[in-house]
Amino acid sequence: MFKEILDNVKKNKPLVHNITNYVTVNDVANVILACGASPIMADDEKEVEEITTICNGLNINIGTLNSRTISSMKKAGNRANQLAHPVVLDPVGVGASQLRTNTAFDLIKHIQLSVIRGNISEIKVLAFNEGSVHGVDANVEDAVTEKNLDKCITFVKNYAKQVQAVVAVTGAIDLVSDGQKCYVIKNGTKEMSSITGTGCQLSGLITAFISANQDHILEATAAAVCTMGLAGQIAKENMLAHEGNATYRNRIIDAIYHIDGDILEKGAKYEIR
Amino acid sequence: MFKEILDNVKKNKPLVHNITNYVTVNDVANVILACGASPIMADDEKEVEEITTICNGLNINIGTLNSRTISSMKKAGNRANQLAHPVVLDPVGVGASQLRTNTAFDLIKHIQLSVIRGNISEIKVLAFNEGSVHGVDANVEDAVTEKNLDKCITFVKNYAKQVQAVVAVTGAIDLVSDGQKCYVIKNGTKEMSSITGTGCQLSGLITAFISANQDHILEATAAAVCTMGLAGQIAKENMLAHEGNATYRNRIIDAIYHIDGDILEKGAKYEIR
Amino acid sequence: MFKEILDNVKKNKPLVHNITNYVTVNDVANVILACGASPIMADDEKEVEEITTICNGLNINIGTLNSRTISSMKKAGNRANQLAHPVVLDPVGVGASQLRTNTAFDLIKHIQLSVIRGNISEIKVLAFNEGSVHGVDANVEDAVTEKNLDKCITFVKNYAKQVQAVVAVTGAIDLVSDGQKCYVIKNGTKEMSSITGTGCQLSGLITAFISANQDHILEATAAAVCTMGLAGQIAKENMLAHEGNATYRNRIIDAIYHIDGDILEKGAKYEIR
């Protein structure tokens, strides 16, 4: 099924509206192009509704949140809901400040989200309105491991049910659930965490995938997560000894550029629980 | 003549003031450095007039337009006009929202532009105040082809006459006209459209080229367009099988870094109509 | 001692709060990750105090200064001072506009800075409240050379004493002084000036280094300057003939990713005056 999902992205070339942070925005644009979709970045309150209208999906990322764009996020989100466009929220660094936490809860309350993607610490902050993050990274003690896997799956399923969205928790092991089923995904490499913005890129990729597969939000989200991880694996094989995180960033996007439905189908490592 | 134009850029090292979007800004800065010029990015209303004053040319790009910087664009443009500095407008995504369309028309009305560079759909929106864009990309049905070439040349010449600026329409075939002559340029590759910001980069490059060649705006614009396309061709030859759009982006800027007057003179593929 | 300093960065993984420009922000994030630290970018007035509180150091860069973030810089700086977190100021383009000059002086007046890093022209503007910059680059006539070295060392020492901070003047020859001692550093390559943002990256790196070595601000700053220059040298050796400034940018960050305490100790080229 993942083959069909990625084929749909390449065939439909969905236009993705991104309201995102200025740190990783260029990589997000290139990753969306790499998978065959098309990005547009627009965050001014005066144009976001029009821009969302001509797009197929909306990606909201609070990575360098500023007061000016919060109302843009809400307006775009509401318009997307009216048009039944899928909406992704990436709650970068939620818990690190009241502004981020309040904004994330506000967006969740007022917008019907299709997918929420974050690291485990961010999702715990959303679920319990407490807990802490290490800046924009997950706390080591929160990490999803083989040992606490059952408990984590239950947590993600429950939060997905509560929030009525697909929830994607990404890390060494990724969990993607709609509240009923949970994809447990083991693609990826540990070196991916040494690059800024792999999470932001993944949220852009998810938006592209679900925009082209609106009847299969859960599967398309899982397919995007597998694609990103598989790209990390392929990119690692192409690394020279002297290359580091800056080149690895490029090689991952390059790998996504070359992954087609067949490669994804063959390389995706997951089980459904 | 293109040799002399690029030699002038490398000799004069013009300082280029950019008010541009946050998606592609880093690549714009690096491409300006690659050709031998020097970039400065500044968009606050309180400093743009001073910054433009110490620069040799101004590049205005509405890619992630926000209300805060519209007045900055106007102030900088007016100051540049007073000082007879060349000004380039890149109307990214004009037609995609009223904010972009109104702003583009407002800038064209109040600033004497030297060059307007866009894709064919963007330029059609400016010329006819109607038509549509596919986000920030050209509509496929608008594309300049061998078949409609005569008609497109007439269109670009007419719009250049009307707007009293050099107009550069870029795509598979590029057209650059001052209303009298039209350069028809066939450098470039189709893969360049899979990278975010090649258009923005080209607008930066054009600003550098015309800032160092203020008596030859038409020729310098055409030379910059050829340089970008030629860089795309050279970069493509240097691509490894597993590399994709992220690395291609770097290799294009790398190629510009190595293109000198002789290489440009030899590699430029154009006819004048 | 440089070995121990870099080992501390990798061991402590300091969290660095950056209020920085949107041109080079992605490279700043990746360079901070490359050395083993962790970046967070946040510039909204409503969250900067909280963000700085959870971080170990603060990096303020006025590269694309806008009125909205000046108050954020002050609030974050004051909070960092209360918590005794080290604060770095990168006065990008000071002297190019009143806004930048006034803001830089205002920040220096109200915040106790640990380190000020700039090119020689920028530091002269700060020291003498006069002089000129060539956009964001140093004036050629200001350059620190073997010929004027003694005079430059005296200047940097005096300014460091006056401003009660470590002052790092970077260029072909780098000078780092706390007013008493002055590190004269000769790592680096001339090609590094063809990349946008090596200065911004260095300021991020310095913040990471001093955040993990708060009792050795002078030495940690000098170690960061040597690391950046050494990375430029290593990266140059890894460049292919057709590669240019875009790839060089990545290879420098890659090199930092691989530099450990031993490599730094061996490759650092400096004398103390």
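Throughout, a chain's letter reflects where its sequence line sits, starting with A, and its residues are numbered from 1. Side chains included, hydrogens not; waters and symmetry mates left out as well; all remaining heavy atoms used. These numbers come from a predicted model, not from an experiment.
Your options are B:Ala241, B:Ser194, B:Gly63, and the one with the most heavy-atom pairs under 4.5 Å with chain A is B:Ser194. Looking only at heavy-atom pairs under 4.5 Å with chain B, the residue among A:Arg251, A:His17, A:His258 that has the most is A:His258. Among the candidates A:Thr24, A:Ile253, A:Asn26, the residue making the largest number of heavy-atom pairs closer than 4.5 Å to chain B is A:Asn26.
Side chains of B:Ile195 and A:Leu33 form no contact here, defined as non-hydrogen atoms less than 4.5 Å apart. Contact check for A:Asp44 versus B:Leu65: no side-chain heavy atoms found under the 4.5 Å cut-off. At least one side-chain heavy atom of B:Arg249 sits under 4.5 Å from a side-chain heavy atom of A:Asn30. Contact of the B:Glu191 side chain with the A:Tyr257 side chain is registered, since non-hydrogen atoms from C-beta on lie closer than 4.5 Å.
The distance from the NZ atom of A:Lys46 to the CG atom of B:Leu99 is 6.5 Å, given to the nearest 0.5 Å. Going from atom CG of B:Asn245 over to atom CD1 of A:Ile32 covers 11.5 Å, rounded to the nearest 0.5 Å.
Salt bridge annotation for B:Arg100-A:Glu50: absent, with no cationic side-chain nitrogen under 4.0 angstrom from a carboxylate oxygen.
Using modelled atom types, no side-chain atom of B:His242 and backbone atom of A:Asp254 make a donor-acceptor pair closer than 3.5 Å.
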Apply side chain to side chain contact (heavy atoms under 4.5 Å, CB included) to residues B:Glu243 and A:Asn238 and explain how you reach the verdict.
CA-CA 9 Å; B:Glu243 292 177 340; A:Asn238 292 326; over 6 Å; no
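A:Asp27 touches chain B through its side chain: at least one heavy atom from C-beta onward sits under 4.5 Å away, while N, CA, C and O do not. When heavy atoms are compared at a cutoff of 4.5 Å, A:Thr20 approaches chain B solely by way of its backbone atoms N, CA, C and O.
The closest side-chain donor-acceptor pair between A:Asn21 and B:Tyr22, if any, does not fall under 3.5 angstrom.
Residue-level contacts of residues 66-84 of chain A with chain B, in order of numbering, are A:Arg68; threshold 4.5 Å between heavy atoms.
B:Ala96 approaches A:Ile54 most closely through the heavy-atom pair CB-CD1, 3.9 Å.
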